[in-house]
Amino acid sequence: MMLTALGLMSGTSLDGVDVALIETDGKQVKAFGPSGYRPYGPAERNLLRQALSEAVHLQQRDARPGILGDAERAVTQAHAEAVAAFLAQNRMRAEDIDIVGFHGQTVLHRPERRLTVQIGDAPALARAIHIPVMHDFRAADVEAGGQGAPLVPVYHRALAHSLEREGPIVVVNVGGVSNITYIDGNDTLIACDTGPGNALLDDFMYRTMNQAFDAEGKFAALGKVDEAWIARALELSFFASPPPKSLDRNDFAALRLGEVAPADGAATLTAFTAAAIARVIPLLPRRPRNWIVCGGGARNLTMLRMLRERVGSATVEAAETLGWASDAIEAQAFGFLAVRGMKGLPLSYPATTGVPMPMTGGVIARP
């Protein structure tokens with residue numbers, strides 16, 4: 001049975017709330033609906049940055065001390081506003097939506113401690129929007145010993161199967177963290193985080209230029225890449241570890257460029273993201289023939305160029321060129337995952353998160 005699902009995603013880049021509608025049975029996508037976006041304002045973004053700093057001290061996943069409680073209320077309110085605006089803009093009613101997939105805002109991801117924390121009050125959101133809300137997608141996987149991330153691969157597979165592309169295909173999502181889904185026919189689905197996505201670059205741009213990000217990679221295009229720095233960074237043990245593996249947004253925050261010109265720093269961090277993605281190639285069963293890039297990084301033309309330079313003869317395409325709504329893919333995915341969760345279908349697998357067996361997940365909050 002096809003259901004109408006509204007997916008909500010607030011990623012590690014802290015830019016805002018993506019909203020996307022899909023019609024799906026949890027196995028295939030019948031239709032894509034409209035999408036929307038509710039940006040975080042400077043005060044909200046600053047609050048979330050503080051929450052990330054405070055969250056490193058958390059020991060319990062449901063604790064919300066101090067600033068974390070304020071941040072959770074802000075996240076919930078922003079998502080409620082995003083849904084209300086989406087429904088109004090598209091002349092829809094709450095009754096038109098069967099389920100909302102609400103990821104929340106990740107503030108801490110420590111699967112080695114069996115701890116992952118996404119803030120956002122799902123029962124309060126369900127009451128505000130008058131639609132059932134599926135949330136807490138990662139907890140069951142982490143509690144079972146999995147990485148809890150990435151969860152989008154099952155959706156990437158549904159999208160890739162609609163393409164006429166020779167495999168293996170890799171879908172790369174470049175958000176705050178970068179992750180890949182390796183798809184080779186119906187049977188092989190492998191996924192992992194590959195390293196920093198936009199997080200290091202965005203934080204650098206914010207510190208040095210007071211800009212939220214490097215639009216289209218234009219600033220990085222002016223700089224010179226420090227390949228020696230990248231080579232040293234890639235010696236970190238994470239990059240040699242086989243999939244599955246996952247990261248917290250701030251796992252590489254301790255890496256410092258030293259005194260560099262801002263354009264050179266942006267160029268080096270952009271190249272680091274591309275190099276970290278390419279570093280996964282030797283860890284895969286076969287060399288990918290097609291790379292499809294989505295997420296915020298797909299708009300960074302310098303990053304796409306640098307990735308092309310590092311993957312040899314394989315093609316590198318932005319998801320938009322295939323008719324995919326790059327900015328909406330993660331939000332669509334959580335609508336898709338919400339329907340899979342409702343039906344008890346797996347969200348994660350041993351080769352995507354390292355969980356011992358295929359795992360479903362998610363909890364429903366009703367209005």
Side-chain angles (χ1 to χ4, degrees), residues 11 13 150 152-153 155-185 188-202 213-225 227 230-231 233-234 239 243 247 266-330 332-333 352:
S13 54
V152 180
Y155 184 60
H156 287 162
R157 181 174 62 187
L159 291 177
H161 282 172
S162 68
L163 299 175
E164 293 184 2
R165 289 286 189 282
E166 188 174 354
I169 295 171
V170 170
V171 181
V172 188
N173 178 61
V174 185
V177 168
S178 290
N179 57 65
I180 61 115
T181 302
Y182 173 93
I183 304 151
D184 196 2
T188 305
L189 185 68
I190 297 170
C192 66
D193 288 347
T194 61
N198 300 315
L200 289 182
L201 176 61
D202 289 352
F213 57 94
D214 181 13
E216 296 183 356
K218 290 179 179 177
F219 195 62
L222 302 174
K224 181 180 179 182
V225 175
E227 293 288 356
I230 292 173
L234 289 176
F239 296 107
L247 292 166
T268 299
L269 292 176
T270 304
F272 181 35
T273 294
I277 294 167
R279 176 65 181 82
V280 81
I281 293 172
L283 307 175
L284 299 172
R286 292 204 295 152
R287 192 175 186 90
R289 298 179 65 92
N290 291 277
W291 297 76
I292 301 167
V293 185
C294 57
R299 294 193 300 274
N300 187 319
L301 303 182
T302 302
M303 190 178 294
L304 289 177
R305 172 178 60 79
M306 290 175 169
L307 183 59
R308 286 189 182 100
E309 292 168 354
R310 293 175 186 268
V311 298
S313 61
T315 62
V316 176
E317 304 169 275
E320 296 282 353
T321 64
L322 303 174
W324 298 1
S326 180
D327 289 340
I329 281 179
E330 279 203 288
Q332 290 170 350
T352 61

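This one's a predicted model, so the numbers in the text were calculated from it and none came from an experiment. Just so you know, these numbers use all the heavy atoms, side chains as well, and skip hydrogens, waters and symmetry mates.
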Q: Test your reading of the model: is there a side-chain donor-acceptor pair from Arg289 to the backbone of Ala314, 3.5 Å cut-off?
A: no
Q: Quick check: do Val170 and Thr181 have side-chain heavy atoms less than 4.5 Å from each other?
A: no
Q: Run the side-chain contact (heavy atoms from CB on, under 4.5 Å) test on Asn300 and Thr273 for me, step by step, so that the C-alpha distance in whole Å, both residues' side-chain angles and the decisive distance to 0.1 Å come before the verdict.
A: CA-CA 11 Å; Asn300 187 319; Thr273 294; over 6 Å; no
Q: Main chain of Cys192, side chain of Tyr182: is a donor-acceptor contact present, judged purely on distance under 3.5 Å?
A: no
Q: Side-chain atoms of residues 291-299: list all donor-acceptor pairs with protein atoms under 3.5 Å, sequence neighbours left out, distances to 0.1 Å.
A:
{"from": "Arg299", "atom 1": "NH1", "to": "Asp327", "atom 2": "OD1", "distance (Å)": "2.3"}
{"from": "Arg299", "atom 1": "NH1", "to": "Asp327", "atom 2": "OD2", "distance (Å)": "3.0"}

Q: For the side chain of Asp193 and the backbone of Gly195, is there at least one donor-acceptor N/O pair under 3.5 Å apart?
A: no
Q: Could you tell me which residues satisfy ring pair (Phe, Tyr, Trp, His ring centres under 6.0 Å) with Tyr155, sequence neighbours excluded, listed by chain and number?
A: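 Phe336.
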Q: Rounded to the nearest 0.5 Å, what's the gap from CG on Asp184 to CZ on Arg157? Could you check?
A: 12.5 Å
Q: Where is the tightest heavy-atom contact between Phe272 and Ile230, given as atom of each residue plus distance?
A: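 For Phe272 versus Ile230, the nearest heavy atoms are N-CD1, 3.8 Å.
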Q: Please determine whether a side-chain nitrogen of the Lys or Arg among Glu227 and Arg310 lies less than 4.0 Å from a carboxylate oxygen of the Asp or Glu.
A: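 Counted as a salt bridge, because a side-chain N and a carboxylate O are separated by less than 4.0 Å.
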Q: Given side chains that start at C-beta, do those of Thr352 and Leu189 come closer than 4.5 Å, heavy atoms only?
A: yes
Q: Sub-3.5 Å donor-acceptor pair from the side chain of Asn290 to the main-chain atoms of Ile169, do we have one?
A: no
Q: Would you check if Ile180 and Ile190 make a side-chain contact, meaning some heavy-atom pair closer than 4.5 Å?
A: no
Q: Mind listing the closest non-hydrogen atom pair of Ala278 and Pro282 along with its distance?
A: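 Minimum heavy-atom contact is O-CD, 4.0 Å.
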Q: State whether Glu317 and Arg165 are salt-bridged, where the test is any N-O pair (Lys NZ or Arg NE/NH1/NH2 against Asp/Glu carboxylate O) under 4.0 Å.
A: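 Looking at Glu317 and Arg165, the cut-off is met.
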Q: Nearest 0.5 Å, what's the CG-OG1 distance between Leu222 and Thr302?
A: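 Leu222 CG to Thr302 OG1: 8.5 Å, rounded to 0.5 Å.
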Q: Which atom pair, heavy atoms only, marks the closest approach of Gly197 to Ser178?
A: CA-OG, 3.2 Å
Q: Tell me if a side-chain donor or acceptor on Asn198 pairs with a main-chain N or O of Val174 at a distance below 3.5 Å.
A: yes
